[in-house]
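Contents: one structure, followed by commentary.
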Amino acid sequence: MSSAPNAAGLDITEGTLPMGLPYRALGSGPPLVFLRWLTPDHANPTGIMRKAEIGALAPLALHRRVYAINRAPGMRAGVTMAEIADDHAAALRATYGVPVDVLGISSGGSLALQLALDHPDVVRKLVVAASASRLEAHARSAQLRYAEAAAAGKRGLHHMAARPHTMRGRIDKAMMWLLDPLVRPHDPADTLAFVLAEDSFDVTDRLSTLTAPTLVIGGESDGFYSTESFRRTADRIPDSRLVIIPGAGHMGAINHPRFAAEVTAFLDG
């Protein structure tokens, strides 16, 4: 384990959990496991992505010791979301020994649902943010085009623009095209393996068996998931709460001042 410079007074450490899962921990209080969104590499983000991650998690870290966990690098071709969840369950059992609160954002939300369904003994409460029980068509297409372009050695980040046909979306797309060389995956096959695993992810028909109390939270203007997807997911979970943040987009919901308050109130309630 190595210590990293503090940000906003937070105690930040980095290391690797069992099963080779990279993590970055920050804040103080009871543990909150954060399963990361889609990242170019299965590692602790660096540079501008590190800054963005810490900024998004800092409000939660005022109340919790947040463990931002990524998938293990070197993911094999053909791996399934269930197998990825198996590795996370083994790591959490070995690390904590008791059920812990789990927050999954975007692609991490897919993994969090799979984890809670397959391994209910490791999840105390579940937060699914900017995510749902399956990918919608635009999200599936965007991720696959991005990962396939990266695997071919081409620019692909611009495919991840949330609303590419709007004025804001066209601006975001152009900026992402320019930024692509700075955040291109070091191991594109690793990235593609995870994208393909999430591509076939769909636990909609299993949601009624989910036992962990669950908060589903997303933005009203999310470009990858509709409010109907958020509602469908929450409605099928027996003990669930749904929060839609008005006017917020995909990551706008996560960075909204209301997000940390809603998550903290749910976990402490």
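Contact detail for Ala56 and Ile254: the closest heavy-atom pair is CB-CG2, 4.4 Å. Residues Arg24 and Pro45 come closest through the heavy atom pair NH2-O, 2.7 Å. Closest approach of Thr191 and Thr39 over heavy atoms only: CG2-O, 4.4 Å. When all heavy atoms are compared, the tightest approach of Arg65 to Gly29 is CB-O, 3.4 Å. The two atoms that bring Arg155 and Asp180 nearest to each other are CA-OD1, 3.4 Å, heavy atoms only. When all heavy atoms of Leu113 and Ser133 are compared, the closest pair comes out as CD1-CA, 3.9 Å.
Between the CD atom of Glu14 and the CD1 atom of Ile12 there is a distance of 8.0 Å, given to the nearest 0.5 Å. Here the straight-line distance linking atom CD of Glu148 with atom CG of Leu192 works out to 6.5 Å at 0.5 Å rounding. Distance check, rounded to the nearest 0.5 Å: CG of Leu17 to OG1 of Thr95 gives 4.5 Å. Interatomic distance, Ile69 CD1 to Leu92 CG, rounded to the nearest 0.5 Å: 5.5 Å. Atoms CE and CD1, on Met175 and Ile171 in that order, are 9.5 Å from each other to the nearest 0.5 Å. Here the CZ atom belonging to Phe201 is positioned 9.5 Å from the CZ atom belonging to Phe194, to the nearest 0.5 angstrom.
Formation of a donor-acceptor pair under 3.5 Å by the Asp222 side chain with backbone atoms of Gly218 is not found in this model. Side-chain N or O atoms of Glu220 include one that pairs as donor or acceptor with a backbone N or O of Gly247 at under 3.5 Å. Under a 3.5 Å cut-off, the side chain of Glu83 and the backbone N or O of Thr80 do form a donor-acceptor pair. No donor-acceptor pair closer than 3.5 Å links the side chain of Asp11 to the backbone N or O of Gly27. Proximity of a side-chain donor or acceptor of Ser141 to a complementary backbone N or O of His138 within less than 3.5 Å is not detected. Judged by distance alone, the side chain of Thr264 and the main-chain N or O of Ala261 form no donor-acceptor pair under 3.5 Å. Judged by distance alone, with hydrogens and angles left aside, the side-chain atoms of Asp41 form a donor-acceptor pair with the main-chain N or O of His186 at under 3.5 Å. Formation of a donor-acceptor pair under 3.5 Å by the Arg145 side chain with backbone atoms of His159 is not found in this model. At least one donor-acceptor pair under 3.5 Å links the side chain of Asn70 to the backbone N or O of Ala43. Remark: side-chain polar atoms of Arg236 are not paired, donor with acceptor, to backbone N or O of Ser208 under 3.5 angstrom.
You'll find the side chain of Leu26 reaches within 4.5 Å of the side chain of Leu57, heavy atoms only. Residues Thr233 and Leu207 form a side-chain contact, since some pair of their non-hydrogen atoms from C-beta on lies under 4.5 Å apart. Using a 4.5 Å cut-off on side-chain heavy atoms (C-beta onward), Leu215 and Val263 make contact.
Ion pairing of Lys125 with Asp101 is absent here, as no side-chain N (NZ or NE/NH1/NH2) approaches a carboxylate O to less than 4.0 Å. A salt bridge is absent between Arg71 and Asp190; no separation between the charged side-chain nitrogens and carboxylate oxygens falls under 4.0 Å. Under the 4.0 Å criterion applied to side-chain N and carboxylate O atoms, Asp205 and Arg134 are not assigned as salt-bridge partners. Here Asp121 pairs with Arg93 in a salt bridge; the nearest charged N to carboxylate O distance falls below 4.0 Å. Salt bridge status for Glu53 with Arg36: present, with a side-chain N to carboxylate O gap under 4.0 Å. Arg241 and Glu262 are joined by a salt bridge, as a carboxylate oxygen and a charged side-chain nitrogen come within less than 4.0 angstrom of each other. Note on Arg64 versus Asp268: salt bridge recorded, some NZ/NE/NH1/NH2 to OD/OE distance being below 4.0 Å.
Within 6.0 Å of atom CZ in Arg168, 12 or fewer heavy atoms from other residues, nucleotides or ligands are found, so the atom counts as exposed in its surroundings.
Linking Ile, Leu, Val, Met, Phe, Trp and Tyr residues whenever their side-chain heavy atoms come within less than 4.5 Å places Leu111 and Leu144 in a single cluster. In terms of hydrophobic clustering, with Ile, Leu, Val, Met, Phe, Trp and Tyr side chains grouped at heavy-atom distances under 4.5 Å, Tyr23 and Met49 are assigned to a common cluster. Under the 4.5 Å side-chain contact rule for hydrophobic residues, Phe266 and Ile105 share a cluster.
Ring-plane geometry between Phe224 and His250 is classed as perpendicular, the angle between the planes exceeding 60 degrees on a 0 to 90 degree scale with a lower cut at 30.
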